[in-house]
Amino acid sequence: MTDSRPTRGMTKDAGLTRRQCLGTTAAAGAAALLPTIIPARALGRDGAVAPSERITMAGIGIGSRGEHDLKWMLPEKDVHFVAICDARKERREAVKAIIDRKNGNSDCKMYRDMREFLATRADIDGVLIATGDRWHSTAAIMAMRAGKDVYSEKPSCMTIAEGRAVVQTARRYGRIYQTGTQRLSEANFVAAIEMARTGKLGHVHTVRAHIAPWDAAEMSHSWLPGEPEPPKEEVDWDEWLGPCPWRPYNSAYIKGGWRGHYDFHTSCIGEWGAHTFAQGQAGIDALNTSAVEYGYVNNPTGDGMVVKFANGVKMILQKEGWHGSCGMKFEGTEGWVTIADGYDKPEVSSPSLLAEADKLVADYSERTGRPMNHVRNFFDCVKSRKLTVANAEVMHRTMSTVHAANISMWLKRDMVYDPVKEEFLNDEAANRLRTRAQREPWII
């Protein structure tokens with residue numbers, strides 16, 4: 001192999017003559033005297049953000065929900081999206097068009113294979129993961145191992161074991177993680193949570209958590225009939241499946257028809273419980289644990305199931321009762337508060353509770369330093385390296401309550417869960433359901 005380093009004592013034939021060297025030096029000196037014009041944007045002036053302060057982002061699996069997140073993130077001045085990775089060409093091209101339009105160029109790079117994407121893009125600081133349920137934890141772990149911070153859509157894990165693996169990976173690699181339970185960063189929901197948490201309702205004894213009013217808790221273990229696979233460049237079916245068991249290709253899956261299938265989904269309980277259990281647990285200061293008792297209910301959805309926490313508070317899973325989605329209600333000895341999407345303000349048992357709502361939100365923001373903007377909280381923490389409001393531990397503990405409720409419904413019996421050991425007491429079958437087999441090469 002040729003050594004490209006310069007050799008001492010170069011001859012005229014081998015390198016520059018002394019005259020040439022002097023001429024080059026003089027030209028360089030003259031150039032140094034010329035005025036240098038640097039665009040203000042490059043220095044972070046005129047309202048722009050200097051490149052050194054920008055957070056370089058990419059998307060993984062950006063469908064309809066992910067596109068909402070993307071458009072929420074793009075206006076942030078210190079955020080710069082540069083790439084999209086997706087198993088579907090249609091989605092790659094659609095997301096590239098959005099990013100290029102925002103950036104005013106055509107530079108957004110597209111990737112089909114996540115392994116190639118993560119291995120070759122050391123410049124990327126963080127990723128937005130908005131795949132279906134099946135990919136959330138696997139993609140997050142792969143990304144964090146590659147040095148990326150992660151904003152992941154929910155439900156952010158398929159099993160209790162996956163949730164623990166996300167926590168361990170974030171800790172080991174020092175990565176920032178946020179799960180997309182955005183109502184933890186919305187003023188109306190924060191006001192209700194803080195009313196419960198700070199004792200404004202007296203002793204809170206009951207939480208009601210909204211579960212999705214469609215699908216069921218017990219999901220299908222069958223699969224759709226096979227169809228001819230499209231070319232890999234159009235839809236990489238192996239990549240789309242990821243860690244899930246191999247199933248024949250069917251176009252309905254990639255159009256959202258994966259919901260309701262055990263291989264891909266976390267049930268009607270996980271669909272909204274990923275949000276509402278976190279909201280409920282925040283109001284009773286239980287974000288660092290999971291419910292301990294689960295009472296089976298003999299219906300398809302889990303509606304009416306009562307789960308209890310070690311502090312004695314019970315949480316009731318409830319399909320109806322709100323005029324909006326992802327609702328929650330806290331009931332205490334001195335009053336109640338309820339909130340859901342679409343409410344102008346929380347509904348309360350006494351108007352006097354609302355008089356303190358704005359102050360509760362302001363006090364929360366001052367105490368935590370968090371904005372009422374979930375993606376901004378993520379980006380702030382990418383810079384400060386502080387924990388996000390919906391960090392990996394919060395995700396894991398609240399999703400463990402989701403998974404344990406599902407397992408109770410699947411096995412059709414009451415059960416007791418130890419959140420310290422993260423195992424069910426005297427229930428071998430339930431403990432086996434804390435994890436699922438994963439398919440090569442996606443085993444994490």
Side-chain angles (χ1 to χ4, degrees), residues 132-138 140-141 154-168 179 209 211-212 215-223 241-247 258-274 276-278 281 289-310 315 317 392-393 395-440 442-444:
D133 299 7
R134 68 198 178 283
W135 255 114
H136 287 158
S137 61
T138 300
I141 288 169
K154 41 59 60 186
S156 291
C157 62
M158 291 284 281
T159 65
I160 293 171
E162 283 186 9
R164 174 50 62 192
V166 170
V167 172
Q168 291 171 335
T179 188
I211 58 174
D215 291 332
E218 187 169 351
M219 296 172 288
S220 173
H221 285 257
S222 64
W223 51 88
L241 285 171
C244 296
W246 180 263
R247 297 292 179 245
W258 52 267
R259 287 182 171 82
H261 289 266
Y262 177 83
D263 292 331
F264 310 130
H265 199 202
T266 51
S267 90
C268 64
I269 296 176
E271 188 76 36
W272 281 2
T276 61
F277 288 15
Q281 290 183 218
T289 188
S290 306
V292 296
E293 296 181 22
Y294 298 79
Y296 169 68
V297 288
N298 188 16
N299 64 49
T301 63
D303 185 31
M305 174 185 276
V306 177
V307 307
K308 294 182 180 178
F309 292 84
M315 184 165 69
L317 282 56
E393 185 75 24
M395 179 279 291
H396 169 53
R397 293 301 188 174
T398 58
M399 283 302 299
S400 291
T401 304
V402 166
H403 294 311
N406 267 331
I407 291 169
S408 174
M409 291 299 295
W410 299 340
L411 296 180
K412 303 184 187 306
R413 58 173 176 263
D414 300 347
M415 51 188 52
V416 178
Y417 181 71
D418 183 339
V420 176
K421 295 182 178 179
E422 299 190 353
E423 63 183 34
F424 295 94
L425 301 186
N426 305 313
D427 199 324
E428 185 179 346
N431 282 325
R432 285 198 297 269
L433 292 172
R434 291 175 301 168
T435 189
R436 300 187 188 196
Q438 294 181 316
R439 189 172 62 91
E440 290 280 8
W442 311 110
I443 296 173
I444 56 172

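The figures here come from the full heavy-atom set of this structure, side chains too, leaving out hydrogens, waters and symmetry mates. As the structure is a prediction and not an experimental result, all values here were calculated from the model.
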Query raised in the report: Do side-chain atoms of Ser408 reach the backbone of Arg413 as a donor and acceptor pair under 3.5 angstrom?
Result: yes
Query - Short N-O contact, Arg436 and Glu162, less than 4.0 angstrom - result: no
Query raised in the report: Nearest heavy-atom pair of Pro300 and Ala216: which atoms, and what distance?
Result: O-CB, 3.5 Å
Requested in this report: Taking the side chain as every heavy atom from C-beta outward, state whether His261 and Arg247 have any pair of such atoms under 4.5 Å apart.
Outcome: no
**Report entry** Parallel, tilted or perpendicular: rings of Tyr294 and Tyr417 (30°, 60°)
**Finding:** perpendicular
Query raised in the report: Just by distance, do the side chain of Arg397 and the backbone of Pro419 share a donor-acceptor pair under 3.5 Å?
Result: yes
Query raised in the report: Is the backbone of Ser290 close enough, under 3.5 Å, to the side chain of Gln281 for a donor and an acceptor to pair up by distance?
Result: no
Query raised in the report: What is the distance from atom CG of Leu241 to atom CZ of Arg439, rounded to the nearest 0.5 Å?
Result: 5.0 Å
Query raised in the report: Roughly how far, to the nearest 0.5 Å, is OH of Tyr262 from OG of Ser222?
Result: 14.0 Å
Query raised in the report: Step by step, would you call His265 with Trp258 a ring-ring contact (aromatic ring centres under 6.0 Å, His included)?
Result: CA-CA 7 Å; His265 199 202; Trp258 52 267; 5.5 Å; yes
Query raised in the report: Counting distance only, does the side-chain N/O of His136 pair as donor-acceptor with the main-chain N or O of Pro155 below 3.5 Å?
Result: yes
Query raised in the report: Taking all atoms of both residues into account, what is the closest heavy-atom pair of Thr266 and Asn406, and its distance?
Result: O-ND2, 3.0 Å
Requested in this report: Mind checking the CZ-OG spacing from Arg259 to Ser220? Nearest 0.5 Å is all I need.
Outcome: 15.5 Å
Requested in this report: Using modelled atom types only, decide if a donor and an acceptor are shared between the side chain of Lys154 and the backbone of Asp133 within a distance under 3.5 Å.
Outcome: no
Report task. For residues Trp442 and Gly242, report the shortest heavy-atom separation together with the two atoms involved. Result -> CD1-O, 2.9 Å
Requested in this report: Give a yes or no on whether the backbone of Glu423 and the side-chain of Asp418 come within a donor-acceptor separation of less than 3.5 Å.
Outcome: no
Query raised in the report: Quick one: are Met409 and Thr301 in side-chain contact, heavy atoms under 4.5 Å?
Result: no
Query raised in the report: Under 6.0 Å from the CH2 atom of Trp410, do we count more than 12 heavy atoms belonging to anything else shown?
Result: yes
Query raised in the report: Does Pro245 offer a backbone N or O that forms a donor-acceptor pair with the side chain of Asp263 under 3.5 Å?
Result: no
Report task. To the nearest 0.5 angstrom, please state how far the SG atom of Cys268 sits from the CE atom of Met219. Result -> 9.0 Å
Query raised in the report: How many angstroms lie between CD1 in Ile407 and NZ in Lys412, if you round to the nearest 0.5 Å?
Result: 14.0 Å
Query - Minimal non-hydrogen separation, Ala392 against Val166, with atom names - result: CB-CG1, 4.1 Å
Query raised in the report: In Å, rounded to the nearest 0.5 Å, how long is the span from OG1 of Thr276 to CD1 of Ile269?
Result: 10.0 Å
Query raised in the report: Is the shortest heavy-atom distance from the side chain of Leu411 to the side chain of Leu433 under 4.5 Å?
Result: yes
Query - Closest approach of Val402 to Gly270 (non-hydrogen atoms, all atoms of both residues) - result: CG1-CA, 3.6 Å
**Report entry** Any donor-acceptor N/O pair, Asn431 side chain to Phe424 backbone, under 3.5 Å
**Finding:** yes
**Report entry** For the student: nearest non-hydrogen atoms of Gln438 and Thr138, plus distance
**Finding:** NE2-OG1, 3.9 Å
Query raised in the report: Is any side-chain heavy atom of Ile211 closer than 4.5 Å to a side-chain heavy atom of Met305?
Result: no
Query raised in the report: Within the distance-only criterion (no hydrogens, no angle test), does the side chain of Trp135 pair as donor or acceptor with the backbone N or O of Pro243 below 3.5 angstrom?
Result: no
Requested in this report: May I ask you to check whether His396 and Glu422 show a side-chain donor-acceptor distance below 3.5 Å?
Outcome: yes
